[in-house]
> 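Sharing a structure with you now.
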Amino acid sequence: MGSVVEKSALIICGDYMEDFEVMVPFQVLQAIGVRVDCVSPTKLPGQKCFTAIHVSLGFEHYSELPGHSFTLNSNFNEVEVGCYDALVIPGGRFTELFSVDDRVLSIVKAFAEAGKPIVTTCHSQLILAAAGLLKGKKCTAFASMKPVIELAGGIWWEQPGITSPFDITACLKDGNILSSIGWPAHAEILKTLFESMGARIHTTKANSVLFLCGDYVEDYEFNVPFRALQALGCKVDAVTPSKKKGETCVTAIHDDEGAQAFSEKRGHNLVITANWSDVSVYDYDCLVVPGGRSPELLVMNDKAVTLVKEFAEKNRVIAGVGQGQWLLAAAGVLKGKRCACGDGMKVMVKMGGGELEESKGCVSDGKLVTAVGWPALPSFISHLSKLLGLSLSFE
């Protein structure tokens, strides 16, 4: 969905970086045609970093849970700052170690000297402080970083009115420094990063997108496209039949840890943004059904199946990722359609009348988009954006 102008971004990674804060920019930037290189100073391409889930579980401090394993795709020792248009530094505890790594600080300083955008979230502002880049700069971060920013000569700014993590929406830009409290603000972070890289979003109309989910929806398969579509200017809601607006669903992390099937761990919480009783197919242009185990729950709910059928009857765009195709098959929307699916959904897709496209990670057929799972999300977002009349170009 991006223009022919080539853009590239660098992400500096480390063990126990925040899961969303690396994967969301990694996949969304790829979806708009940006090449993204992920490096770590002590690891080689193909090696993995552990990630962490930062989520509020009702204690005084946020909890840290194990996240996905993240595979590096480039070599830290071969980084040439001149080859990149932006730098992203996720939050997480690894930033404490890297704040005293002269090799990391040298790269960060070079991006700053070149005036290229640097994205920091949560705790990664510590690296900006260590590099001497905050003097006179307005900056925000997780609240514990306030004394660090002020001691570094920065000007602390805090988004007003925050009573829960889901109220966090702001990304502060001061020159080439982009800062935010953390992952809940990804829509604004991405939008600001797009603009800082010279991007323009083009759309034929205003779009509204509805995500149908439930407990144990796959973490990435909900959050990555949800934030991407918000950043591209869509109104995006999340709904489930059994919960009200403002309540939360727990997500699931499905990761390849060498077993015959993906492992499952608890992921982030997501907030429901609309009441089921208020949802009308006429208010939305598109329905997205992420995977995980929530489709197995939703397929037993007549209201959920009926809603999918209504979107199909009104010729709306319908999209399913991974196990989300279970619900689409039950609603009869796969019949005669080409579908991309993983091994776990092949039988369901066939029984639902779908035609398997086994060599592709994502497939569009008419107004239906299907993807095998979260590794195919860049292609999924690109396909879905095209159907919604969204495009992006770089100046």
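Just the heavy atoms: all of them, side chains too, but no hydrogens, waters or symmetry mates, feed the values below. The first residue of the sequence shown is numbered 1, and numbering continues consecutively from there.
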> Counting N and O atoms only, with roles assigned by atom type, does the side chain of Glu150 sit under 3.5 Å from a partner on the main chain of Met145, one being a donor and the other an acceptor?
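Side chain of Glu150 to backbone of Met145: no pair is present.
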
> Quick check against the 3.5 Å criterion: does Gln159 have a side-chain atom that pairs as donor or acceptor with the backbone of Thr169?
yes

> Do you know which two heavy atoms are closest between Phe380 and Ala371, and how far apart they sit?
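Answer, listing the atom of Phe380 first, then Ala371: CD1-CB, 3.8 Å.
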
> Ignoring hydrogens and geometry, is there a side-chain-to-backbone donor-acceptor pair from Lys135 to Gly154 under 3.5 Å?
no

> Check the angle between the aromatic planes of Tyr16 and Phe50 and answer parallel, tilted or perpendicular using the 30° and 60° thresholds.
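Taking Phe50 first and then Tyr16, their aromatic rings lie parallel (interplane angle under 30°).
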
> Which pair of heavy atoms, one from Leu29 and one from Ala9, lies closest together, and at what distance?
CD1-CB, 4.0 Å

> Write down the atom of Thr240, the atom of Cys249, and the distance for their closest heavy-atom approach.
CG2-SG, 4.2 Å

> Has Lys346 got more than 12 heavy atoms of other residues, nucleotides or ligands less than 6.0 Å from its NZ?
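Result for NZ/Lys346: enclosed.
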
> Before giving the answer on salt bridge (Lys or Arg N to Asp or Glu O under 4.0 Å), spell out for Arg338 and Glu355 the whole-Å C-alpha distance, their side-chain angles and the decisive distance to 0.1 Å.
CA-CA 5 Å; Arg338 294 180 296 110; Glu355 301 174 7; 5.8 Å; no

> Please check this pair: side chain of Asp256 against backbone of Phe262, looking for a donor-acceptor N/O pair closer than 3.5 Å.
no

> What are the two closest heavy atoms between Asp219 and Gly267, and how far apart are they?
OD2-CA, 3.7 Å

> Run the ring-centre check on Tyr62 versus Phe142 and record whether the distance is less than 6.0 Å.
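That pair passes the under 6.0 Å test.
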
> Apply salt bridge (Lys or Arg N to Asp or Glu O under 4.0 Å) to Lys265 and Glu257, showing your working.
CA-CA 11 Å; Lys265 294 171 281 191; Glu257 296 185 330; 3.1 Å; yes

> For a side-chain hydrogen bond (donor to acceptor under 3.5 Å, both in side chains) check, start with the C-alpha distance between Thr163 and Asp167, then their side-chain angles and the critical distance, and finish with the verdict.
CA-CA 7 Å; Thr163 59; Asp167 296 325; 2.6 Å; yes

> Hey, which of Val317, Val209, Leu377 is the one that makes side chain to side chain contact (heavy atoms under 4.5 Å, CB included) with Leu384?
Val317

> Is the positively charged end of Arg293 above the ring of Tyr216, judged by distance under 6.0 angstrom from the centroid and angle within 45° of the axis?
yes

> My understanding is that only residues two or more places apart in sequence, or in another chain, count here; which of them pass side chain to side chain contact (heavy atoms under 4.5 Å, CB included) with Asp285?
Lys205, Asn207, Ser208, Leu388

> Has Lys116 got a side-chain atom pairing as donor or acceptor with Leu87's backbone, closer than 3.5 angstrom?
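Here the side-chain-to-backbone pair does not exist.
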
> Do Glu64 and His54 have a side chain donor and acceptor closer than 3.5 Å?
yes

> Between the side chains of His268 and Glu18, is a donor N or O closer than 3.5 angstrom to an acceptor N or O?
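Short answer, yes.
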
> Look at the aromatic rings of Tyr220 and Phe20 and report parallel, tilted or perpendicular, splitting at 30° and 60°.
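Because their plane-to-plane angle lies in the 30° to 60° range, the rings of Tyr220 and Phe20 count as tilted.
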
> Starting from the C-alpha separation in whole Å, work towards a yes-or-no answer on salt bridge (Lys or Arg N to Asp or Glu O under 4.0 Å) for Glu310 and Arg316.
CA-CA 9 Å; Glu310 289 176 352; Arg316 300 294 198 265; over 6 Å; no

> State, to 0.1 Å, how close Glu6 and Asp85 come at their nearest heavy-atom pair, and which atoms those are.
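Distance-wise, the nearest heavy atoms are O-OD2, 4.3 Å.
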
> Are any side-chain N or O atoms of Glu221 and backbone N or O atoms of Trp374, one a donor and one an acceptor, separated by less than 3.5 Å?
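Flag set: sc Glu221 to bb Trp374 pair under 3.5 Å.
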
> Near Lys235 NZ, under 6.0 Å, is it more than 12 heavy atoms from other residues, nucleotides or ligands?
yes

